[in-house]
Amino acid sequence: MVGSATTTNLGTKRKGMTFTTLNLSPSLKLVTDNNSFNYDCFGSQFSKSFLSSKLFLGSSSFSVGTLRFNINHQSSARHHINSSRWSSTAFRCFAQLSEPSVSVHGHGSKGASERVIVLVIGGGGREHALCYALQRSPSCDAVFCAPGNAGISSSGNATCIPDLDISDSSAVISFCRKWSVGLVVVGPEAPLVSGLANALVKAGIPTFGPSAEAAALEGSKNFMKTICDKYGIPTAKYQTFSDASAAKQYIKEQGAPIVIKADGLAAGKGVIVAMTLEEAYEAVDSMLVEGIFGSAGCRVIVEEFLEGEEASLFALVDGENAIPLESAQDHKRVGDGDTGPNTGGMGAYSPAPVLTKELQSLAMESIILPTVKGMSAEGCKFVGVLYAGLMIEKKSGFPKLIEYNVRFGDPECQVLMVRLESDLAEVLLAACRGELKGVSLNWSPESAMVVVMASKGYPGSYEKGTMIQNLEEAEHVAPSVKIFHAGTAIDSNGNFIATGGRVLGITAKGRDLEEARDRAYQAVEEINWLGGFYRQDIGWRALPQKQFARNA
């Protein structure tokens with residue numbers, strides 16, 4: 001038997017459609033009946049009933065070598081994989097293999113005109129949310145994620161490929177050709193800035209994510225500011241420096257508060273809001289003299305302090321056209337009340353009341369669209385998601401651009417993906433082909449909130465390997481709860497352990513933000529993780545203050 005695999009997934013995409021993924025290894029023996037799959041993986045027997053009632057309508061087929069198999073399904077409800085032992089075993093089993101699964105679909109009565117296999121690049125909470133949304137897309141046949149993480153694998157939201165080196169574009173291209181990948185979605189900024197999308201597009205593989213030249217909007221704050229100057233995009237007044245003395249002289253002339261930014265990528269930590277001149281001088285020295293951010297900090301941007309409320313605006317871009325996503329707002333600082341150092345994000349919610357429809361339209365017209373047209377005029381069309389960090393200025397009430405990211409924000413992606421009702425794969429393919437004009441997106445009218453659980457000590461040093469328990473119970477504590485994994489692994493006993501700074505994104509939907517918040521914190525309270533912590537006030541700007549008593 002040829003091919004190899006990780007897990008065996010059987011389920012529906014949407015009501016009225018069927019989808020079957022079968023993952024095969026050279027040592028796997030597959031037996032199917034009306035209620036379960038039994039298989040032998042490297043001599044260890046496992047069996048699992050996947051279905052809460054009967055099997056599904058429709059039929060599916062798959063091929064192994066020269067053999068072809070057909071499976072007929074009988075009836076209704078969506079399956080749920082409900083065993084942590086099953087999940088961890090499947091993940092460990094895959095870790096011993098060098099090749100991914102062969103995934104084949106079954107078409108239901110409402111099959112899309114075009115179907116696609118998707119590869120998601122990355123292994124964090126953002127990528128888990130993207131896999132979750134893509135798996136639900138009717139036009140998506142299968143989802144791979146490289147490298148992925150233990151939570152993505154155990155949830156069944158994608159087949160993880162931990163051995164694929166995403167920094168090696170030729171290896172990614174070979175994988176895509178071998179497994180007929182029709183769409184690559186690049187999650188993190190680093191592969192984009194280093195040119196992964198360039199190589200994939202050159203190889204003829206549709207890729208959602210900007211070229212290295214266009215990704216400079218995030219990779220260099222000086223480049224972004226230059227584009228703003230040239231195309232009249234409202235942003236904070238600034239100067240760029242590579243000499244510490246010159247930077248300090250400018251700071252002295254401008255006064256505090258003032259903002260110091262590393263020019264390059266610094267994992268969300270390269271921004272210092274200095275409330276005094278001394279703090280500003282220290283920030284300049286740390287970047288230009290001490291080199292704490294390496295080459296990312298060899299130039300600094302000294303920027304005027306904008307007072308107001310921040311919001312995130314995301315737009316899908318096809319090179320010429322842009323369509324906005326729903327509004328979202330995150331919490332960057334580590335402590336309650338938005339205090340302490342900046343992090344990659346401790347929580348988020350959608351919609352964001354501060355970003356009204358009127359303000360969103362204004363931001364699209366004055367910031368997003370001029371950027372898209374400007375980048376096209378510069379000869380580096382932007383294809384992907386453009387994430388504008390906005391400041392709604394207190395004195396004027398108008399939005400100004402703080403900075404651009406060239407990928408989905410994390411954790412904003414989590415709340416957006418649970419609210420999205422459109423076919424994500426279909427929309428992203430349209431963006432890759434320059435066909436977004438006239439496209440509109442459907443969203444759940446419900447609100448969503450995500451509370452990030454992080455390792456104690458983050459964003460500083462933290463302990464790795466602490467055990468996390470009760471995740472399954474937490475996900476079932478209230479309707480519409482989904483836990484996205486950002487930094488987890490599975491230990492030799494089948495337990496989830498923390499491997500990163502930001503580790504989990506506990507996400508919930510509700511009729512309004514208050515219900516979404518209550519459900520998210522209900523789920524957080526259920527999780528047993530002594531090595532973790534979380535903010536207790538996510539959403540405080542949009543909701544009445546409400547503290548949650550226990551901290552994990």
Quiz item: If we ignore angles and hydrogens, is there a donor and acceptor under 3.5 Å between the side chains of Ser312 and Glu412?
Solution: yes
Quiz item: Side-chain contact, heavy-atom cut-off 4.5 Å: Pro210 with Val383?
Solution: no
Quiz item: Hey, is the main chain of Gly457 close enough, under 3.5 Å, to the side chain of Ser461 for a donor-acceptor pair?
Solution: no
Quiz item: Would you find a donor on one side and an acceptor on the other, under 3.5 Å apart, between the side chain of Ser220 and the backbone of Phe223?
Solution: yes
Quiz item: Looking just at side-chain N and O atoms, do Ser350 and Arg419 make a donor-acceptor pair shorter than 3.5 Å?
Solution: yes
Quiz prompt | Any donor-acceptor N/O pair, Ser211 side chain to Ala214 backbone, under 3.5 Å | solution = yes
Self-check item: Straight-line distance of Phe208 CZ to Leu192 CG, nearest 0.5 Å
Solution: 10.0 Å
Quiz item: Mind checking whether Leu316 and Leu325 have side chains closer than 4.5 Å, heavy atoms only?
Solution: yes
Quiz item: So which heavy atom on Pro191 is nearest to which on Val186, and how close?
Solution: CB-CG1, 4.1 Å
Quiz item: Distance-only, no hydrogens or angles: does the Ser154 side chain make a donor-acceptor pair with backbone N or O of Gly151 under 3.5 Å?
Solution: yes
Quiz item: Would you say the side-chain atoms of Tyr404 and Thr371 include a donor-acceptor pair closer than 3.5 Å?
Solution: yes
Exercise. Verify, without hydrogens or angle tests, whether Arg299 (side chain) and Phe241 (backbone) share a donor-acceptor contact under 3.5 angstrom.
Key: no
Quiz prompt | Test item: side-chain donor near acceptor, Lys225 and Thr240, under 3.5 Å | solution = no
Quiz prompt | Glu127 CD to Cys160 SG distance, which is reported to the nearest 0.5 Å | solution = 11.0 Å
Quiz item: Hey, does the side chain of Asp330 reach the backbone of Lys332 with a donor-acceptor pair shorter than 3.5 angstrom?
Solution: no
Quiz item: How would you list, by chain and number, every residue that makes a side chain to side chain contact (heavy atoms under 4.5 Å, CB included) with Ser286, sequence neighbours excluded?
Solution: Glu290, Ile292
Self-check item: side chain to side chain contact (heavy atoms under 4.5 Å, CB included) between Leu130 and Leu424, intermediate numbers included
Solution: CA-CA 9 Å; Leu130 289 170; Leu424 181 61; 4.3 Å; yes
Quiz item: Can you find a side-chain donor-acceptor pair between Glu304 and Tyr238 that sits under 3.5 Å?
Solution: no
Quiz prompt | Check: Phe175 ring centroid to Phe144 ring centroid under 6.0 Å | solution = yes
Practice problem: Report yes if the side chains of Phe533 and Val334 come closer than 4.5 Å at any heavy-atom pair, otherwise no. | Solution: yes
Quiz item: Nearest heavy-atom pair of Ser327 and Gln360: which atoms, and what distance?
Solution: N-NE2, 4.3 Å
Quiz prompt | Side-chain (Ser153) to main-chain (Asn149) donor-acceptor, under 3.5 angstrom | solution = no
Practice problem: Compare all side-chain heavy atoms of Asp318 with those of Val439 and state whether any distance is below 4.5 angstrom. | Solution: no
Self-check item: Rounded distance [0.5 Å steps], CG in Leu362 versus CD1 in Ile368
Solution: 11.5 Å
Quiz item: Salt bridge or not for Asp410 and Arg502, using N-O below 4.0 Å?
Solution: yes
Quiz prompt | Sequence neighbours excluded, every pair satisfying side chain to side chain donor-acceptor pair (under 3.5 Å) that has a member inside residues 192-203 | solution = Asn198-Glu213
Quiz item: Do Ile272 and Asn342 touch side chain to side chain, with heavy atoms closer than 4.5 Å?
Solution: no
Quiz item: Taking C-beta and beyond as the side chain, do Arg333 and Thr343 meet within less than 4.5 Å on heavy atoms?
Solution: no
Quiz item: Could you go step by step and tell me if Met224 and Leu401 meet the side chain to side chain contact (heavy atoms under 4.5 Å, CB included) rule?
Solution: CA-CA 10 Å; Met224 183 212 83; Leu401 178 66; 4.1 Å; yes
Quiz item: Does the side chain of Leu119 come within less than 4.5 Å of Val185's, by heavy atoms?
Solution: no
Quiz prompt | Smallest separation among heavy atoms of Gly344 and Pro411, with atom names | solution = O-CD, 4.1 Å
Quiz prompt | Considering all heavy atoms, the nearest Gly297-Ala262 contact | solution = CA-CB, 4.0 Å
Quiz item: Would Asn222 and Lys261 count as having a side-chain donor-acceptor pair, cut-off 3.5 Å?
Solution: no
Quiz item: Does Arg535 use its side chain to pair, donor to acceptor, with the backbone of Gly335 at less than 3.5 Å?
Solution: yes
Exercise. Pick out which of Leu471, Thr488, Val450 makes a side chain to side chain contact (heavy atoms under 4.5 Å, CB included) with Ile483.
Key: Leu471
Practice problem: For Ser440 and Gly438, indicate whether the former's side chain and the latter's backbone hold a donor-acceptor pair under 3.5 Å. | Solution: no
Quiz item: Once you round to the nearest 0.5 Å, how far does OH of Tyr281 lie from CD1 of Ile260?
Solution: 10.0 Å
Practice problem: Can you measure from CZ (Phe408) to CD (Glu189) and round to the nearest 0.5 angstrom? | Solution: 14.0 Å
Quiz item: Going through the checks in order, is the side chain to side chain contact (heavy atoms under 4.5 Å, CB included) test met by Ile506 and Phe484?
Solution: CA-CA 6 Å; Ile506 290 72; Phe484 295 111; over 6 Å; no
Quiz item: Which pair of non-hydrogen atoms, one from Gly124 and one from Ile152, has the smallest distance, and what is that distance?
Solution: O-CD1, 4.3 Å
Quiz item: Just by distance, do the side chain of Gln414 and the backbone of Met449 share a donor-acceptor pair under 3.5 Å?
Solution: no
Practice problem: Return yes if a side-chain donor-acceptor contact under 3.5 Å exists between Lys237 and Gln254, otherwise no. | Solution: yes
Quiz item: Looking at Glu426 and Arg136, does any basic side-chain N land under 4.0 Å from a carboxylate oxygen?
Solution: no
Self-check item: Derivation of the side-chain hydrogen bond (donor to acceptor under 3.5 Å, both in side chains) call for Glu320 and Ser376
Solution: CA-CA 7 Å; Glu320 297 288 348; Ser376 180; 2.9 Å; yes
Quiz item: Would a 4.5 Å heavy-atom cut-off, applied to side chains only, mark Val452 and Leu504 as touching?
Solution: no
Quiz item: Can you tell me how far CZ of Phe496 sits from CE of Met467, rounded to the nearest 0.5 angstrom?
Solution: 12.5 Å
Self-check item: Under 3.5 Å side-chain donor-acceptor pair for Gln329 and Glu309
Solution: yes
Self-check item: Verdict with supporting geometry, Lys230 and Glu378, salt bridge (charged side-chain N to carboxylate O under 4.0 Å, His left out)
Solution: CA-CA 11 Å; Lys230 188 171 181 178; Glu378 293 294 314; 2.7 Å; yes
Self-check item: For Asn405, side chain to side chain contact (heavy atoms under 4.5 Å, CB included) partners two or more places apart
Solution: Glu218, Tyr387, Glu403, Arg407
Quiz item: How far apart are the closest heavy atoms of Asp423 and Pro138, and which atoms are they?
Solution: OD2-CD, 3.3 Å
Quiz item: Stepwise, does the side chain to side chain contact (heavy atoms under 4.5 Å, CB included) test hold for His128 with Asn157?
Solution: CA-CA 8 Å; His128 192 173; Asn157 293 141; 2.9 Å; yes
